[in-house]
Amino acid sequence: MKKVNKKKNNKKLIPLIILLIVILLVSAIFLIYVYTQNYITVEYIDKSSSKVKSEEVSSVSPIIINNVVVGGVSDKGKWLSKDNMYGKANITKGTEIDMYNVSGKMGTFEIYSVSQDQERGITYAIPLKDVSDSEYIAIAKSENNAMIRELAKLEPSKEDEKYIKKALGKYRLLNNTVKVNEVYEGYLGTDQKTRIISATSSGKNKFGVYSVVVYVQGNKSKIIKYSYVKNTESSINWPVYSIKFACDLNADDNYELVIQEARELSMKYSILEFKKNKYYEVIGLEFKI
C-alpha cells in the first residue's frame, strides 16, 4: 500500500493559507477604511492647465459648453484653465466659433454677447444661433472638424452591467447594484472602438450609493470617474456623472471626453484626455447653479 506523505502535503498548503490570510486582511483593512469615510472619489487630474506660462502661449481657442467658457487650448495644443488664458482667447461679440452637438458639427456662428457673473465665477459667451433645445460645445473657427468620427448612442444591455462590475473591482464591496444610464461607442482614437458607459447604483441601499463612468476597450474595462457616498442624507457634494461629448479639441486626432457632474448645489464640466491608459481631467470648471 502506498503511503501518503502528510508533511509534504501540508507544506504545499502553507502558501495557499498565507495567500488567503493576506486577502482577508487586505479586504478587512479596505472595509474598515471605506466605512469610516462618507465620500470616496476615484479620478485622475492633470493640473498643468493652470501652470502654463504666458510666454508659452501665442493664441488661445476658447472652449465653450452650453454658453459657459470652461477653459481653452493654445495654438501649441496646451490646455489652459479658464483663469489662465492671459486674455489671449478672443471672446468678444462677433467672434466666429465652430459649434458641435453630440451628433456632429452644427456650423460656424458668431458670438452674440459676452457677460461676466462675478458671484458665480462664470463667463458667458452666447452664440447668435438659437440653441435653446440643444446642448453644444464650441471652439474657435478652424479648418479642422473636431467631430468627424461618430459617437453612436446605444441601448444599455446586460453586457454593459458586466463591464461596470468588472471596472468597479473592489468597490463592489460597497454597493454591487448597477443601473446603466448611458452607453456610447465610437473610435475615440483611430485604432480601436471604445465604449463609454455611465451608471449609478440602483434602488435604496443602506451601504450608500455611487456614480461612475467607465471605458471599455477589448476585454479591458476601467474607471474614468467614480464617486461614492455612504450617508445619502449628507450627499450635497456627491455628483451624478453624464456623458456629454467626445471630440478632438486640440487637433491631435484623438477625441477628448466631456463629462458633466451634477451636484445638489453646483455643476461641473470636465474635459478628459486619454494618456497612459487613463483618462485625465485636463480642464475642470465647477460653478454654482
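Given the structure is predicted, the values throughout are model-derived calculations rather than measurements. Every heavy atom of this structure was used, including side-chain atoms; hydrogens, water molecules and symmetry mates were not.
Tyr124 is connected to Ile137 through a chain of hydrophobic side-chain contacts under 4.5 Å among Ile, Leu, Val, Met, Phe, Trp and Tyr, so both are in one cluster. Residues Val114 and Val69 share a hydrophobic cluster, clusters being chains of Ile/Leu/Val/Met/Phe/Trp/Tyr side chains in contact below 4.5 Å. Hydrophobic clustering (ILVMFWY, side-chain heavy atoms < 4.5 Å, transitive): Val178 and Val212 are in one cluster. Tyr184 and Phe274 fall within a single hydrophobic cluster, where Ile, Leu, Val, Met, Phe, Trp and Tyr are joined by side-chain heavy atoms under 4.5 Å apart, directly or via other members. With hydrophobic clusters built from ILVMFWY side chains whose heavy atoms lie under 4.5 angstrom apart, Leu168 shares a cluster with Val183.
Rounding to the nearest 0.5 angstrom, the gap separating the CG atom in Leu272 from the OH atom in Tyr44 is 12.0 Å. The distance from the OG atom of Ser266 to the CG atom of Asn237 is 7.0 Å, given to the nearest 0.5 Å. Ile259 CD1 to Ser270 OG: the interatomic distance, rounded to the nearest 0.5 Å, is 7.5 Å. Rounded to the nearest 0.5 Å, atoms CD1 (Ile289) and CG (Leu265) are 7.0 Å apart. Distance check, rounded to the nearest 0.5 Å: OH of Tyr187 to CD of Glu150 gives 12.0 Å. The distance from the CG atom of Leu151 to the CG atom of Leu188 is 6.0 Å, given to the nearest 0.5 Å.
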Exercise for the section: Evaluate the criterion side chain to side chain contact (heavy atoms under 4.5 Å, CB included) for residue pair Ile64 and Tyr136; output intermediate values, then yes/no. Expected result: CA-CA 8 Å; Ile64 304 165; Tyr136 76 91; 3.7 Å; yes

Exercise for the section: Go through the steps to decide whether Tyr226 and Thr41 satisfy the test side chain to side chain contact (heavy atoms under 4.5 Å, CB included), and finish with yes or no. Expected result: CA-CA 6 Å; Tyr226 170 87; Thr41 300; over 6 Å; no

Exercise for the section: Would you check, one step at a time, whether the test side chain to side chain contact (heavy atoms under 4.5 Å, CB included) holds for Ile65 with Gln260? Expected result: CA-CA 10 Å; Ile65 301 176; Gln260 177 182 288; over 6 Å; no

Handout entry: Candidate pair Glu281 and Lys225, rule salt bridge (charged side-chain N to carboxylate O under 4.0 Å, His left out), full reasoning
Key = CA-CA 10 Å; Glu281 179 185 296; Lys225 279 180 177 278; 2.9 Å; yes

Exercise for the section: Applying side chain to side chain contact (heavy atoms under 4.5 Å, CB included), run through Asn84 and Tyr86 and close with a yes or a no. Expected result: CA-CA 6 Å; Asn84 195 29; Tyr86 304 110; 2.6 Å; yes

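Between Val73 and the options Asn250, Leu80, Val60, a side-chain contact (heavy atoms from CB on, under 4.5 Å) holds for only Asn250. Of the candidates Glu182, Glu135, Glu261, Glu135 is the only one forming a salt bridge (charged side-chain N to carboxylate O under 4.0 Å, His left out) with Lys244.
Formation of a donor-acceptor pair under 3.5 Å by the Thr177 side chain with backbone atoms of Ser202 is found in this model. With hydrogens and angles disregarded, a donor-acceptor distance shorter than 3.5 Å links the side chain of Ser49 to the backbone of Val282. Without hydrogens or angle criteria, Lys88 side chain to Val57 main chain gives a donor-acceptor distance under 3.5 Å.
The number of heavy-atom neighbours closer than 6.0 Å to CD of Glu55, taken from other residues, nucleotides and ligands shown, is above 12. Atom CD of Gln192 has more than 12 heavy atoms from other residues, nucleotides or ligands within 6.0 Å. More than 12 heavy-atom neighbours from other residues, nucleotides or ligands sit within 6.0 angstrom of NZ on Lys82. Within a 6.0 Å radius of NZ in Lys47, no more than 12 heavy atoms belonging to other residues, nucleotides or ligands are found. More than 12 non-hydrogen atoms from other residues, nucleotides or ligands lie less than 6.0 angstrom from NZ of Lys105.
Here the closest non-hydrogen pair linking Pro156 and Val180 is CB-CG1, 3.6 Å. Nearest approach of Ser134 to Met106, heavy atoms of both residues: OG-CE, 4.3 Å. Here the closest heavy-atom approach between residue Ala138 and residue Met99 is recorded as CB-CG, 3.9 Å. Minimum heavy-atom separation, Asn254 to Asp248: O-OD1, 3.3 Å. Residues Tyr241 and Ser211 approach most closely at N-OG, 3.0 Å, considering heavy atoms. Nearest approach of Ile164 to Ala199, heavy atoms of both residues: CD1-CB, 3.8 Å.
One finds a salt bridge joining Arg149 and Asp253 here, because a Lys/Arg side-chain nitrogen approaches an Asp/Glu carboxylate oxygen to under 4.0 Å. The pair Arg195-Asp160 counts as a salt bridge, with a side-chain nitrogen and a carboxylate oxygen less than 4.0 angstrom apart.
Using a 4.5 Å heavy-atom threshold, the side chains of Asp252 and Glu273 count as touching. The side-chain heavy atoms of Phe245 and Tyr255, taken from C-beta on, include no pair separated by under 4.5 Å. Taking the side chain as every heavy atom from C-beta outward, Ile40 and Tyr210 never approach each other to under 4.5 Å. Tyr100 has its side chain within reach of Asn145: a pair of non-hydrogen atoms, C-beta onward, lies under 4.5 Å apart. Using a 4.5 Å heavy-atom cutoff, the side chains of Pro239 and Arg263 are in contact. Residues Ser142 and Asp98 have side chains in contact (heavy-atom distance under 4.5 Å, counting atoms from C-beta outward). Within the 4.5 Å cutoff, the side chain of Val102 has no heavy atoms near those of the Lys153 side chain. Between Trp238 and Thr232 there is no side-chain heavy-atom pair separated by less than 4.5 Å.
For the residue pair Glu96 and Thr108, no side-chain donor N or O sits within less than 3.5 Å of a side-chain acceptor on the partner. Counted by atom type alone, Asn90 and Thr92 present one or more donor-acceptor pairs between their side chains at under 3.5 Å. Side-chain contact, Asp83 with Ser81: no donor N or O sits under 3.5 Å from an acceptor N or O.
Evaluation of the ring-ring contact (aromatic ring centres under 6.0 Å, His included) rule for Phe109 yields no partner, not counting sequence neighbours.
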Could you pull out every donor-acceptor pair under 3.5 Å between side chains of residues 214-224 and any protein atom, sequence neighbours left out?
residue	atom	partner	partner atom	Å
Tyr215	OH	Asn277	O	2.9
Gln217	NE2	Thr194	OG1	2.9
Ser221	OG	Tyr163	O	2.7

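Cation-pi geometry between Lys230 and Tyr39 is not met at under 6.0 angstrom from the ring centre and within 45 degrees of the axis.
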